[in-house]
Asks: 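One structure, pasted below without further comment.
Counting starts at 1 for both ligands and their atoms, in listed order.
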Amino acid sequence: MSQCGGHAKGRVTLHMVSSLDGFIATKDNSVAWLEDTESVYEAGVALSEEEAAAFVKSIDCYVLGSRTYELALELGWPYGDTPTVVVTSRQWPPAKKSVEFYSGDLKTLVDAKLAPRYRNIWLVGGAMLCQRFLELGLVDEINLTLAPVLLGEGLRLFDASPTEQRWNLKNVVAYKNGFVELSYSARTA
Ligand SMILES: NC(=O)c1ccc[n+]([C@@H]2O[C@H](COP(=O)([O-])OP(=O)(O)OC[C@H]3O[C@@H](n4cnc5c(N)ncnc54)[C@H](OP(=O)(O)O)[C@@H]3O)[C@@H](O)[C@H]2O)c1
């Protein structure tokens, strides 16, 4: 884990996988659409297991809303032992050692608790928490992966975007399985 020194400040990346029509979950919370292996894009890249592991290792901290937390517990914990902050106003039974619950002001969470401690902070959902982070200007990068599917209905990632915001495209990666990863950084005024 790379911790921040006295001078560096951690950056928050909003990471999400969306359908082509902008949904991040089906109505019944099925994730089968994320695991579709039928699509083959020959010119795309495929990450080796080592590359994928190195990528995951570069993440210093995860932040998630309580509904995403509930689903992660149900479907199989994907965050390993990496420090994970669950934003919630509820009381929860004791969790994994790496999990911390937070309720309160989100700007304080980022500025006082996370950014001084962690370099690479990943906000991994769900829609509600991501929208709050965006409204408050707490997101430095958006990493949006488009899955090759139209879901028709479900939970929208950007349902309640309050104002127009411009972002700079930083990178595009097309994968062999037809998924496309788009990376953007926030424009500073
Ligand atoms: N496709 C993807 O990449 C992806 C990734 C992650 C999740 N998802 C999907 O997203 C869905 C969950 O998203 P969601 O929008 O329903 O819920 P969510 O954002 O995961 O969680 C919402 C909860 O977070 C807490 N919360 C949010 N903002 C808060 C604040 N400012 N202060 C205190 N607590 C706050 C509240 O918890 P309390 O009610 O406990 O107070 C709220 O009910 C699931 O279906 C999941 O499968 C998809």
Side-chain angles (χ1 to χ4, degrees), residues 12-37 39 47 52 55-56 59 61-80 82-96 98-115 120-139 141-163 167 172-173 175 177-184:
V12 175
T13 298
L14 184 164
H15 170 76
M16 201 62 70
V17 185
S18 166
S19 66
L20 291 178
D21 46 352
F23 297 107
I24 62 160
T26 56
K27 271 176 96 178
D28 61 356
N29 284 319
S30 159
V31 287
W33 61 282
L34 288 172
E35 278 146 22
D36 165 39
T37 50
S39 173
L47 286 187
F55 182 73
V56 168
I59 298 168
C61 171
Y62 292 101
V63 182
L64 42 146
S66 69
R67 284 190 221 150
T68 298
Y69 174 64
E70 280 172 318
L71 274 160
L73 290 177
E74 205 180 299
L75 300 174
W77 188 250
Y79 310 115
T82 302
T84 299
V85 175
V86 177
V87 181
T88 182
S89 59
R90 288 182 272 166
Q91 291 295 320
W92 292 81
K96 275 174 73 75
S98 55
V99 172
E100 192 183 330
F101 297 102
Y102 178 88
S103 77
D105 182 58
L106 296 178
K107 190 165 162 47
T108 306
L109 169 67
V110 172
D111 291 350
K113 271 178 83 83
L114 302 181
N120 192 11
I121 302 157
W122 274 46
L123 169 65
V124 290
M128 184 192 278
L129 192 62
C130 288
Q131 285 162 18
R132 293 292 100 75
F133 264 68
L134 284 167
E135 279 163 27
L136 294 166
L138 296 174
V139 178
E141 317 241 334
I142 294 177
N143 181 284
L144 182 65
T145 295
L146 292 181
V149 59
L150 293 167
L151 291 176
E153 58 180 356
L155 180 66
R156 284 199 181 277
L157 173 54
F158 298 121
D159 198 26
S161 298
T163 50
W167 291 76
V172 179
V173 182
Y175 291 96
N177 63 1
F179 284 58
V180 179
E181 183 182 352
L182 304 163
S183 303
Y184 300 88

Asks: Using a 3.5 Å cut-off on N or O atoms only, is Ser66 in polar contact with ligand 1?
Replies: yes
Asks: Mind checking whether Asn29 contacts ligand 1 via backbone (N, CA, C, O), side chain (CB onward), both or neither, at a 4.0 Å heavy-atom cut-off?
Replies: side chain
Asks: Can you report which non-hydrogen protein atom sits closest to atom 48 (C) of ligand 1, along with the distance?
Replies: Ile24 O, 3.3 Å
Asks: Is there a side chain to side chain contact (heavy atoms under 4.5 Å, CB included) between Phe133 and Val12? Walk through the geometry before answering.
Replies: CA-CA 9 Å; Phe133 264 68; Val12 175; 4.2 Å; yes
Asks: For Leu157 and Leu144: C-alpha separation, side-chain torsions, deciding distance, then whether side chain to side chain contact (heavy atoms under 4.5 Å, CB included) applies.
Replies: CA-CA 10 Å; Leu157 173 54; Leu144 182 65; 3.8 Å; yes
Asks: Check whether any N or O atom of Thr68, backbone or side chain, sits under 3.5 Å from an N or O atom of ligand 1, and answer yes or no.
Replies: yes
Asks: Could you check if a side-chain atom of Ser18 sits within less than 4.5 angstrom of a side-chain atom of Leu146, using non-hydrogen atoms only?
Replies: yes
Asks: Arg67 versus ligand 1: do any nitrogen or oxygen atoms come within less than 3.5 Å of each other?
Replies: yes
Asks: Using the ring centroid of each side chain, check whether Trp33 and Phe23 are separated by less than 6.0 Å.
Replies: no
Asks: Given Ala25, Ala72, Gly126, Gly104, which one has a non-hydrogen atom that is nearest to atom 19 (O) of ligand 1?
Replies: Gly126
Asks: List the steps and the verdict of side chain to side chain contact (heavy atoms under 4.5 Å, CB included) for Tyr175 and Leu47.
Replies: CA-CA 8 Å; Tyr175 291 96; Leu47 286 187; 4.1 Å; yes
Asks: Centres of the Trp122 and Phe55 rings: under 6.0 Å?
Replies: yes
Asks: Which residue and non-hydrogen atom of the protein lie closest to atom 3 (O) of ligand 1, and at what distance in Å?
Replies: Val17 N, 2.8 Å
Asks: Ligand 1 versus Ser89, non-hydrogen atoms closer than 4.0 Å: side chain, backbone, both, neither?
Replies: both
Asks: Any nitrogen or oxygen of Arg90, main chain or side chain, under 3.5 Å from a nitrogen or oxygen of ligand 1?
Replies: yes
Asks: Any side-chain heavy atom of Leu129 sitting closer than 4.5 Å to one from Leu106?
Replies: yes
Asks: Starting from atom 32 (N) of ligand 1, which protein heavy atom do you reach first, and at what distance in Å?
Replies: Val87 CG1, 3.8 Å
Asks: Using a 4.0 Å heavy-atom cut-off, say whether Leu106 meets ligand 1 through its side chain, its backbone, both or neither.
Replies: side chain
Asks: Using heavy atoms and a threshold below 4.0 Å, how should the contact between Leu155 and ligand 1 be classified: side chain, backbone, both, or neither?
Replies: side chain
Asks: I'd like to check Phe158 versus Leu134 (side-chain heavy atoms, cut-off strictly below 4.5 Å). Are they in contact?
Replies: yes
Asks: Go through ligand 1 atom by atom and flag the ones less than 4.0 Å from a non-hydrogen atom of Ala127.
Replies: 13 (O), 14 (P), 15 (O), 19 (O)
Asks: How far apart are the closest heavy atoms of Gly125 and Thr68, and which atoms are they?
Replies: C-OG1, 3.4 Å
Asks: Please state which protein non-hydrogen atom is closest to atom 40 (O) of ligand 1 and give its distance, to 0.1 Å?
Replies: Thr88 OG1, 2.5 Å
Asks: Does an N or O from Val124, backbone or side chain, lie closer than 3.5 Å to an N or O of ligand 1?
Replies: no
Asks: Please list, in number order, the atoms of ligand 1 under 4.0 Å from a heavy atom of Met16.
Replies: 2 (C), 3 (O), 4 (C), 5 (C)
Asks: With side chains defined as the heavy atoms from C-beta onward, is the minimum distance between Phe179 and Val17 less than 4.5 Å?
Replies: yes
Asks: Under 4.0 Å from ligand 1, counting heavy atoms only, is it the side chain of Leu71, its backbone, both or neither?
Replies: side chain
Asks: Asp28 vs Ser30, test: side chain to side chain donor-acceptor pair (under 3.5 Å). Steps then yes/no.
Replies: CA-CA 6 Å; Asp28 61 356; Ser30 159; 4.7 Å; no
